[in-house]
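Below is one structure; the comments refer to it alone.
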There are 2 protein chains.
Amino acid sequence: MPIRGKATSLDIAHLAGVSQPTVSRALRGSPMVSEETRRRVLAIAEQLNYKVDKNASNLRTQHTGTLALLFFEDPTPDESAINPFFLSMLGSITRACAQRGFDLLISFQQLSNDWQADYEDSKKADGLILLGYGDYLEARSRLERLVQQGTHFVRWGAAQPGQPGVSIGCDNFQGGHDITAHLLAQGCRRIAFLGHASNHYPEFEERYRGYAQALEAAGLAPDAQLQIDAVTSEQSGQEAADALLARGVAFDAIFGASDLIAIGAMKALHERGVRVPEDCLVVGFDDIPLASFVNPGLSTVQQDTKQAGALLVERLLQLIAGEAVDNLTIPVKLALRGSSRRVTASPEA
Amino acid sequence: MPIRGKATSLDIAHLAGVSQPTVSRALRGSPMVSEETRRRVLAIAEQLNYKVDKNASNLRTQHTGTLALLFFEDPTPDESAINPFFLSMLGSITRACAQRGFDLLISFQQLSNDWQADYEDSKKADGLILLGYGDYLEARSRLERLVQQGTHFVRWGAAQPGQPGVSIGCDNFQGGHDITAHLLAQGCRRIAFLGHASNHYPEFEERYRGYAQALEAAGLAPDAQLQIDAVTSEQSGQEAADALLARGVAFDAIFGASDLIAIGAMKALHERGVRVPEDCLVVGFDDIPLASFVNPGLSTVQQDTKQAGALLVERLLQLIAGEAVDNLTIPVKLALRGSSRRVTASPEA
DNA sequence: CTGAAAGCGCTTACAG
DNA sequence: CTGAAAGCGCTTACAG
């Protein structure tokens, strides 16, 4: 038994009086090994605290048992500010990986100039999970390159026809529709939309389309004066709400394309003395943990991150196994709180 | 040039008309290769989109270029609820790793029964970063085993004499002292401490000791009636505050041993009609993002997670390089907000 | 059920 | 400056 350095399967073989391949078989639970031999090998392995060398076995088998998670967010000013929604996803993805016996390698793409970081090419991972709302049109060519290289990957985001690779996303359209219908049911007629509504941000665009359809179903036309661009950050939401106020147009509700936008907007309204929900209802999208903490609580569209993480991992594994995998859209539901509760009586904290 | 499968260094060697070791040297920037050869090799490698097989090179060199981050929290009821403080750490650790060219493997220990998951033994990582506030006495034997096995690791937490391995932590004592002194300066005399104050939770214990010393410096004695056990969660903080109220003892401030505890306590106070800060000041510890969002904003002790993450990685790398590394304590500072602002005039939102 | 042999794709002395 | 050789620690046909 070697004092220095970790034990190898050969050490165990010597001690057990068998060949090294037999040790390998015993350890991997092969049926081609007698019970007695297996027991002996296992006991010695345990005693030596032996662990299979992953590099050696990966090299031999040509797969890694590892998935890589790549965040490709727009670079944020404060680098520690990861979008809280993706943080929730991180948790569920980590768990899904662990349950299936895979390790997770994570990376933030801001730092890396070679985009997909070649995790799969360099045999560090069997496949990639892509997370992030950046400019889709910019990302698109990179996705195409991944497809072309035969890289296995799944992406969280709007599933659209003709797009490269496999996407899994929530039903942004339905979510946008339902939350808008909710505002309409509260009596709102002038609902502002804060967020990009272009094909650069397909998730937001879908939410906008749902918003527009709900309006039209109620006999209202979307008013361009009530839409202001914004990306997912509090700061951006605050600026957008300020810009909306500066336009001087009337509005009775704000739909933030993400919770961060909505929360930033609430802050702006508060600073200008516009009361939520008395003077203006506010809703968001995502249901990040913060949504239930702001005052009043933010009504929003809830994405099931637990299910999403599990599905991303499951589908990626299918892809790696060579199965065909389709895009997938996950249903959403509303989480209604104080920010969209029409008050008729006297306000209370 | 092979159509199927990734290119290897041998493929490149054939195409460049050199031996395979020469390709390896050229790619790794060895000075023992002529400029002309290097250029030729590099060009072909690029064209073939060649990437070094990490398993092969790791196996050969016997290190991985990967660090593993292990969360060992007490299992939480809602599994997606990772302590937000550690989430901030995750961000800064990821960045520090990337800057130094290391990959990060992450794992949540709740799922794994073999504790340190043997990342280093199985050659998946060169070293471990341990993150989590669990029961220290339970963790201790495991830390000892890691030391005994010669595993390289650093741990975030209270640095105490005689403890196994290297710990890096913030100055919990000073933080507890300073925030308590702040409350005293606001005129508080009956300050409750919500959180465990035993050696099972050394970080909390240190914060408690700082609290006690500040009280004593002001001529006050810590009152056991004003201390209630709690772990880091909103729920636990809420229960602790309820228990405090149930005791019927007078208090004019609450020091939550973590922000989550403090925020839970604020919720409990609010439900009982106790106003913050009019009737009772509240402070926490950590400065999680949520702290500035609750209403009123939570005064707290700020830990510099950016610096902490960088230091954890730096020290771990030193350890791996065989250097001696000491425990380290990072200074803290106060982040004062509305929850500890004594109001004399009329209250306002 | 077990062993001898080959090979995964690199890196690194060792010669020249 | 370059090549032939060895070997990192496994897994998997191939024989028996």
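Letters A, B, ... mirror the listed sequences (proteins, then strands); counts begin at 1.
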Atom pairs and distances, side-chain donor-acceptor, residues 314-330 of chain B, under 3.5 Å, sequence neighbours left out:
unit_1  : atom_1 : unit_2  : atom_2 : d
N327(B) : OD1    : S167(B) : N      : 2.7

Residues which pass side chain to side chain donor-acceptor pair (under 3.5 Å) with N55(A), listed by chain and number, not counting sequence neighbours: N58(B)
Residues that S34(A) engages under side chain to side chain donor-acceptor pair (under 3.5 Å), provided they are two or more places apart: T37(A)
Base-paired stems in DNA chain C, each at least three Watson-Crick or G-U pairs under 3.5 Å: C:1-3 with D:14-16, C:5-12 with D:5-12, C:14-16 with D:1-3
Considering all heavy atoms, the nearest A310(A)-A96(A) contact: CA-CB, 3.8 Å
E35(B) and R38(B): CA distance, side-chain angles, deciding distance, salt bridge (Lys or Arg N to Asp or Glu O under 4.0 Å) verdict: CA-CA 5 Å; E35(B) 257 320 303; R38(B) 183 192 316 283; 3.3 Å; yes
Sorted by number, the residues of residues 18-30 of chain B with heavy-atom contact under 4.0 Å to DNA chain C: Q20(B), P21(B), S24(B), R25(B), R28(B)
Between [X] (side chain only) and [Y] (backbone N and O only), is there a donor and an acceptor less than 3.5 Å apart?
X: S30(B); Y: A26(B); answer: no
X: R155(A); Y: L130(A); answer: no
X: T64(A); Y: D126(A); answer: yes
X: R95(B); Y: G91(B); answer: yes

Nucleotides bounding contact with chain B, strand DNA chain D, heavy-atom threshold 4.0 Å: dC1(D) to dG9(D)
First encountered from the 5' end of DNA chain D, between V52(A) and R40(B): R40(B)
Residue whose nearest DNA chain D nucleotide is more 5′ - V33(B) or A56(B): V33(B)
Given DNA chain C, 5'-ward residue of the pair S57(B) and M32(B), judged by closest heavy atom: S57(B)
Pairing of R40(B) and E46(B) as salt bridge, 4.0 angstrom limit: no
